Amino acid sequence: LYAQGIYIDAMYLDDNLSQTAKEVQLTSVSFNQSTYLNHETTADVMIQSSYAVRAMVYLNKNGQTYKTETIDLTQGYNVLSFDLDTKTAAANDYELIVEPLGEDENKENDRYTFMQTVTGEVNVLLISSKIADKKAVEDLYGSRANIDSYIGTSEVPFTIEELCKYDEIM
């Protein structure tokens, strides 16, 4: 950006809390942005607290309460996992909210939103020398996959354009 003459301005924030501060905040959420129908997936939530306190953590899905957890936060970092819904193919909007049952100096950092896309069908490329592998892959995925099989041949897709359409390559 600098080489293109674009000015960048930065403001550094001091996120160190004072010893007497009573603060709880959602620090980060780790999740897969996309997954497949009926695959298990989680959102791993990191909550930072300046003191020990009980808190309610809500996971809303598409504007509705999906899951609620009560957690005893310790001073420092706390991790909580939520299973996400993969029962239907959809783009799900999630919102995490932490509400300490005590003081909280800054409520603006108590929410986190994210979206996860659940894909119904998987596009699979199978390259093998054994016909039994094709049957095994069909049994593994059932009707929820489009499987392109190349058995006992060296004439297989190899360009980036050809391979990009596949979700999984075996």
Side-chain angles (χ1 to χ4, degrees), residues 1-124 140-146 160 163-170:
L1 293 174
Y2 179 76
Q4 296 175 4
I6 298 172
Y7 177 74
I8 300 171
D9 191 12
M11 180 173 42
Y12 298 95
L13 302 175
D14 181 6
D15 65 351
N16 294 324
L17 296 173
S18 70
Q19 296 289 352
T20 60
K22 301 282 188 185
E23 176 61 12
V24 174
Q25 65 185 20
L26 280 169
T27 304
S28 67
V29 179
S30 176
F31 65 98
N32 292 326
Q33 290 183 347
S34 61
T35 189
Y36 301 110
L37 193 66
N38 296 319
H39 279 209
E40 291 182 15
T41 184
T42 61
D44 297 320
V45 182
M46 185 174 299
I47 302 169
Q48 185 178 7
S49 181
S50 66
Y51 70 112
V53 64
R54 179 166 273 208
M56 299 296 296
V57 182
Y58 302 94
L59 177 63
N60 298 332
K61 181 184 121 190
N62 300 325
Q64 303 285 327
T65 301
Y66 180 63
K67 293 189 177 181
T68 303
E69 291 281 336
T70 303
I71 183 172
D72 290 318
L73 299 173
T74 59
Q75 183 178 3
Y77 292 98
N78 301 266
V79 177
L80 179 65
S81 285
F82 284 101
D83 291 331
L84 300 178
D85 184 12
T86 61
K87 292 180 182 127
T88 56
N92 295 312
D93 290 315
Y94 289 98
E95 179 182 37
L96 277 158
I97 303 167
V98 61
E99 291 182 358
L101 303 176
E103 294 180 53
D104 190 14
E105 290 187 10
N106 183 7
K107 297 200 179 289
E108 283 76 28
N109 55 16
D110 295 348
R111 293 179 181 269
Y112 187 92
T113 58
F114 64 96
M115 185 177 81
Q116 183 182 64
T117 304
V118 179
T119 304
E121 290 188 341
V122 181
N123 293 315
V124 178
L140 176 67
Y141 287 100
S143 63
R144 62 186 171 93
N146 299 317
I160 296 295
L163 296 174
C164 279
K165 71 178 187 176
Y166 296 104
D167 300 306
E168 295 187 18
I169 300 173
M170 304 174 94

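Counting begins at 1 with the first residue of the sequence. Everything numeric here is computed off the predicted structure, so don't read it as measured data.
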Next on the checklist: A side-chain contact here means heavy atoms from C-beta on lying under 4.5 Å apart; do T113 and D93 qualify?
Outcome noted: no
Next on the checklist: Whether the side chain of Q25 engages the backbone of Q48 through a donor-acceptor N/O pair (distance < 3.5 Å, no angle test) should be reported.
Outcome noted: no
Checklist outcome for this item: Between M115 and F31 the two heavy atoms that sit nearest each other are O-CE1, 3.5 Å
Checklist entry - What heavy-atom pair brings T41 and T35 nearest, and what distance separates the two atoms? => result CG2-CG2, 4.1 Å
Next on the checklist: In the structure I gave you, are the side-chain heavy atoms of Y94 and L59 within less than 4.5 Å of one another anywhere?
Outcome noted: yes
Checklist entry - Do L96 and F114 come within less than 4.5 Å of each other through their side chains, counting heavy atoms only? => result yes
Next on the checklist: Donor-acceptor pair, distance only, cut-off 3.5 Å: does the side chain of S50 make one with the backbone of A21?
Outcome noted: yes
Checklist entry - What's the shortest heavy-atom distance between T86 and Q116, and which atoms? => result CG2-OE1, 4.4 Å
Checklist entry - Does the side chain of V45 come within less than 4.5 Å of L26's, by heavy atoms? => result yes
Checklist entry - Any idea which heavy atoms bring Y66 and D83 closest together, and the distance? => result CE2-O, 3.6 Å
Checklist entry - What's the shortest heavy-atom distance between L37 and A89, and which atoms? => result CD1-N, 3.5 Å
Item to check | Nearest-0.5 Å distance, CD1 of residue I47 to CG of residue L80 | outcome: 5.5 Å
Checklist entry - Which pair of heavy atoms, one from E103 and one from Y51, lies closest together, and at what distance? => result O-OH, 2.5 Å
Checklist entry - So do the side chains of E99 and D110 get within less than 4.5 Å of each other, counting heavy atoms only? => result no
Checklist entry - Atom CD of E168 and atom CG of L140: how far apart are they, to the nearest 0.5 Å? => result 8.0 Å
Checklist entry - Between L84 and N92, does a side-chain contact (heavy atoms from CB on, under 4.5 Å) hold up when you go through it step by step? => result CA-CA 9 Å; L84 300 178; N92 295 312; over 6 Å; no
Checklist entry - Is a side-chain donor or acceptor of E95 paired with a backbone partner of R111 at a separation under 3.5 angstrom? => result no
Checklist entry - Which class fits the ring pair Y36 and H39: parallel under 30°, tilted 30 to 60°, perpendicular over 60°? => result perpendicular
Checklist entry - Distance from L101 atom CG to I71 atom CD1, nearest 0.5 Å? => result 11.5 Å
Next on the checklist: Looking at D167 and N123, would you say the former's side chain and the latter's main chain have a donor-acceptor pair under 3.5 Å?
Outcome noted: yes
